[in-house]
Undergrad: 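Here it is, the structure in full.
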Amino acid sequence: MDFSRFFIARPVATTLLALGVLFAGALGYFHLPVSPLPQVDFPTILVQASLPGTSPDVMASSVAEPLERRLSNIADVDEMTSQSFAGSTRIVLQFGLDRNIDGAARDVEAALNAAHADLPTQMRGNPTYNKVNPADAPFMVLALTSATRTRGQIDDVAANVVQQSLAQVDGVGQVNIVGSALPAVRVEINPNALSAYGIGFEDVRAALGSANADSPKGAINVGDHRYQLYTNDQALNAADYKPLIIAYRNNAGVRLTDVADVIDSVQDVRNSALSNGKPSVLALVYRQPGANIIDTVERVRAKLGFIRASIPADIDINVVADRTPSIRASLNDTELTLLISIVLVILVVFLFLRNLRATLVPSIALPISILGTFGGMYLCGYSIDILSLMALTVATGFVVDDAIVVLENIARHIEGGMPRMQAAILGAREVGFTVLSMSLSLIAVFLPILLMGGLVGRLFREFAATLSLAIAISLVVSLTIAP
């Protein structure tokens, strides 16, 4: 069936086709996610293991090395790097770009289970793994500061209120709290005092462990009555630990304060963050895959009012970093370049055709083709980013070619005295194969980019696919709507 003749001979069908393309493109444009670059998922898994009190050398030899031996047997591992610190080890596994991240996670879990027998027996927790994307960066950073509260107290509020509230915002994928640690009690032992009493470090550790055991207290049965015992023997702050008796010497108890300084502190003292020179706790906000960064930032800012009302009044929360201004500026510049290119193309067409009515045809076909491309981008799961907008900018010079060729052939028949409807049908039919070959040749030029592998290929694939979509839509428009 000659589809071009069907639409040319039926103006209503042609109008509906144009409106359908415009509607689909407008719908896709408003639903496309906005990001600085195309979304590329890197199959990366982070493995972490901890053994408190262990030096980096011992962590590397007794923890990292056994894990590396097991993990290196996993298929399609492109790169494996490990870092050992005091009490912890981090191993990053980078898989091939075509590797399924869920399948890789199952292989990593199996390798960790197999390595369990090779790890030190004193490890309290098993190694853990997380799926991460190193290309993702936080799109917003919030700072919590206070003139009256400690960083441990601020961290407690950030973890229990701020993090939970932000994680519920649509478009937010993850919220990390950094710059401090949860509140803790630190016991700084004086070795000289400990030696003077003849007490060992293990005695202190055992006393601390037994004093903070949250265990059932049992019950008392008296006749027909049963009394359940409830009491809290947990120590939650430094004041609860100070009178603790750790040993008896000379018929007198040796308290913890006799051999150590007991202070309220945080779990990790080697962790700090500053905001405008003030100690603070930072909340790093990451987006969900495919989420619109600009819309997500607006929703987060709207949520801040509720968060400020939910936290203590002496804690200030402010936005210290926001990626959207630079993203907005880049996208606005690219969109302006796209509009300028459309105007320039129309002016060049008018300059050579010198006919306002003839110029009107490609002037209509150009925005229809560009706008219709947004609908195709939405179906392909693409985003509005610098590369996709750059592809549309480049496409403005291509999408009018087909319409001009069809227009010129139809105008030739009209000048020869043929009726307009017959000239439109015959002119489109005569150059249909030519226009098709032109479009396919243009798409073939970008085929190497579509087939390019590796990271660069993943980034530029959206560029080539968007450009090919615009050319394909312009082919349909030039053979139906333009005539």
Undergrad: Distance from L440 atom CG to L436 atom CG, nearest 0.5 Å?
TA: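 L440 atom CG to L436 atom CG measures 4.5 Å (nearest 0.5 Å).
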
Undergrad: Please answer whether the main-chain N or O of R323 pairs with a side-chain N or O of S326 as donor and acceptor at a distance below 3.5 Å.
TA: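 Looks like yes, one N/O pair under 3.5 Å.
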
Undergrad: Under a 4.0 Å threshold between the charged nitrogen and the carboxylate oxygen, would D322 count as salt-bridged to R301?
TA: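 Answer for the salt bridge query: yes.
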
Undergrad: Inspect the contact between R149 and D156 and indicate whether a charged nitrogen and a carboxylate oxygen are less than 4.0 angstrom apart.
TA: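 Here D156 does not pair with R149 in a salt bridge, since their nearest N and O are not under 4.0 Å apart.
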
Undergrad: Which heavy atom in F95 sits nearest to a heavy atom in V77, and how many Å separate them?
TA: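 It is CE2-CG2, 3.6 Å.
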
Undergrad: Restricting to non-hydrogen atoms, name the atom on V297 and the atom on M140 that form the minimum distance, rounded to 0.1 Å.
TA: CG1-CE, 3.4 Å

Undergrad: If you look at every heavy atom in L469 and G376, which pair is closest and at what distance?
TA: CD1-C, 3.8 Å

Undergrad: Determine, step by step, whether D316 and K278 satisfy the salt bridge (Lys or Arg N to Asp or Glu O under 4.0 Å) criterion, reporting the C-alpha distance in whole Å, the side-chain angles of both residues, the deciding distance to 0.1 Å, and the verdict.
TA: CA-CA 11 Å; D316 298 325; K278 299 179 181 178; 5.9 Å; no

Undergrad: If you measure from CE on M80 to CG on L67, what distance do you get to the nearest 0.5 Å?
TA: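 Interatomic distance, M80 CE to L67 CG, rounded to 0.5 Å: 9.5 Å.
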
Undergrad: Would you call E298 and R328 a salt bridge, taking side-chain N to carboxylate O under 4.0 Å as the test?
TA: yes

Undergrad: Please report the shortest heavy-atom distance between I443 and I471, naming the atom on each side.
TA: CG1-CG2, 4.1 Å

Undergrad: Search all heavy atoms of V21 against all heavy atoms of G372 and return the closest pair with its distance.
TA: CG1-CA, 3.7 Å

Undergrad: Search all heavy atoms of A64 against all heavy atoms of S84 and return the closest pair with its distance.
TA: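 That closest heavy-atom pairing would be CB-OG, 3.8 Å.
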
Undergrad: Do D118 and R70 meet the salt-bridge criterion of a basic N to acidic O distance under 4.0 Å?
TA: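 D118 and R70: salt-bridged.
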
Undergrad: Considering only NZ, NE, NH1 and NH2 on the basic side and carboxylate oxygens on the acidic side, decide whether R412 and E430 come within less than 4.0 Å.
TA: yes

